[in-house]
Amino acid sequence: MNTSKPSLEALVEAGELDIEILHPGGLNITEELANLCGIGQGKHVLDVASGTGESACFLAERFGCKVVGVDASEVMVKRARRKARGRGLDIEFRIGDAHNLPFADDRFDAVISECTLSLLDKERAIREMVRVARRGGYVGIHDVCWKRNAPEKLKIKLEEIEGEKPETLEGWKKLFESSGLVEVVSLDRSYLLSEWIKDVKRKLGLLGQIKIFMKVFRRFGLKGCLCVMESERIFQGGYLGYAIVVGRKPE
Ligand SMILES: C[S@@+](CC[C@H](N)C(=O)[O-])C[C@H]1O[C@@H](n2cnc3c(N)ncnc32)[C@H](O)[C@@H]1O
């Protein structure tokens, strides 16, 4: 986690954004991912980087599955636990690192992660997801992806500011395949990214957006505000898309 450098992700991880669903596509894409991962009644599901717990609660309510959430941020885990308790759901939320998941091998029917892998050591995080999935089980993500024509300097800038290293759609598929997953599907859902940015801005309103900038200014100064603005420009610049990637652990 990196909460000491000015970035949108630092605000997310410190729990400073009053947004419950921290990914494009809202719960519709969570449902699509769940269907692709064979999630249903009684299945054991792990949500890696479970954030505010919104998706975990949704999956438990919508599919009747048994969900465990893990996130590196204590603030997020506490918020998720409070949410599940408030909704009368029996969901375990643990503090833990996606690079070193605190679970035994071959444990879950489906292991998902939403909008987070780009922030991590992707190979290592996918390897961990595969390890804890049962044989024949699913590993699925949705995450940002670079368009094929994305300039190299934008990639460097995004990594500098947000610590994000997205793949292209094809790159994500290859990563899944090289982690030993089979029947890998990758679906382009790029339209969701621009819709989500507009939606978040609409929900926050002008006042909400100003409040966020004030938080950034208080915490990181003017340089921090410029970084966050640069990051927003990259996300809205048309070179980033959004993808679902799902694969199966061989029997
Ligand atoms: C963009 S948010 C996505 C949250 C949630 N998956 C969602 O879609 O609403 C990224 C999340 O990853 C968590 N995170 C960052 N690094 C992590 C790591 N190494 N291990 C586990 N969680 C991590 C953050 O605390 C944050 O909750």
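First listed ligand is number 1; within each ligand, the first listed atom is number 1. Values below: every heavy atom of this structure, side chains too, minus hydrogens, waters and symmetry copies. Fair warning: this is a prediction, and the values are worked out from it, not measured in the lab.
Set against the non-hydrogen atoms of Gly96, the atoms of ligand 1 under 4.0 Å away are 20 (N), 21 (C). Close contacts between ligand 1 and Asp97 involve ligand atoms 18 (C), 19 (N), 20 (N) [criterion: under 4.0 Å to a heavy atom]. Within the listing of ligand 1, atoms 4 (C), 27 (O) sit less than 4.0 angstrom from a heavy atom of Gly51. Listed by number with element, the atoms of ligand 1 under 4.0 Å from a non-hydrogen atom of His23 are 7 (C), 8 (O), 9 (O).
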task = Would you please test Lys78 and Glu74 for salt bridge (charged side-chain N to carboxylate O under 4.0 Å, His left out) and show each step?
result = CA-CA 6 Å; Lys78 281 189 178 153; Glu74 195 179 342; 3.3 Å; yes
message = Test salt bridge (charged side-chain N to carboxylate O under 4.0 Å, His left out) on Lys174 and Glu177; report intermediate values, then the result.
response = CA-CA 5 Å; Lys174 276 197 194 128; Glu177 286 166 345; over 6 Å; no
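The distance criterion of under 3.5 Å between nitrogen or oxygen atoms is not met by Ile21 with respect to ligand 1. On a distance-only criterion, Val48 and ligand 1 share no N/O pair closer than 3.5 Å. Backbone and side-chain nitrogen or oxygen atoms of Glu114 are examined, and one is located within less than 3.5 angstrom of a nitrogen or oxygen of ligand 1. Between Cys115 and ligand 1, no N or O atom pair is found at a separation short of 3.5 Å. Checked against a 3.5 angstrom limit, the closest N/O atoms of Asp71 and ligand 1 fall inside it.
Taking the side chain as every heavy atom from C-beta outward, Lys122 and Asp143 never approach each other to under 4.5 Å.
With hydrophobic clusters built from ILVMFWY side chains whose heavy atoms lie under 4.5 angstrom apart, Phe108 shares a cluster with Val139. Val111 and Phe103 fall within the same hydrophobic cluster, where Ile, Leu, Val, Met, Phe, Trp and Tyr residues are linked whenever their side-chain heavy atoms come under 4.5 Å apart, directly or through other members. Following chains of ILVMFWY side-chain contacts shorter than 4.5 Å, one cannot reach Leu22 starting from Ile29, and the two form parts of different hydrophobic clusters.
Only the side chain of Thr116 comes within contact range of ligand 1, with a heavy atom under 4.0 Å; no backbone atom does. Proximity of Leu120 to ligand 1, defined as any heavy-atom pair under 4.0 Å, is confined to the side chain (atoms from C-beta onward). The proximity of Met76 to ligand 1, defined as any non-hydrogen pair under 4.0 Å, is limited to the side chain.
To the nearest 0.5 angstrom, Lys198 atom NZ is 10.5 Å from Leu193 atom CG.
Under the 3.5 Å distance criterion, the side-chain polar atoms of Thr52 are matched with a main-chain donor or acceptor of Glu20.
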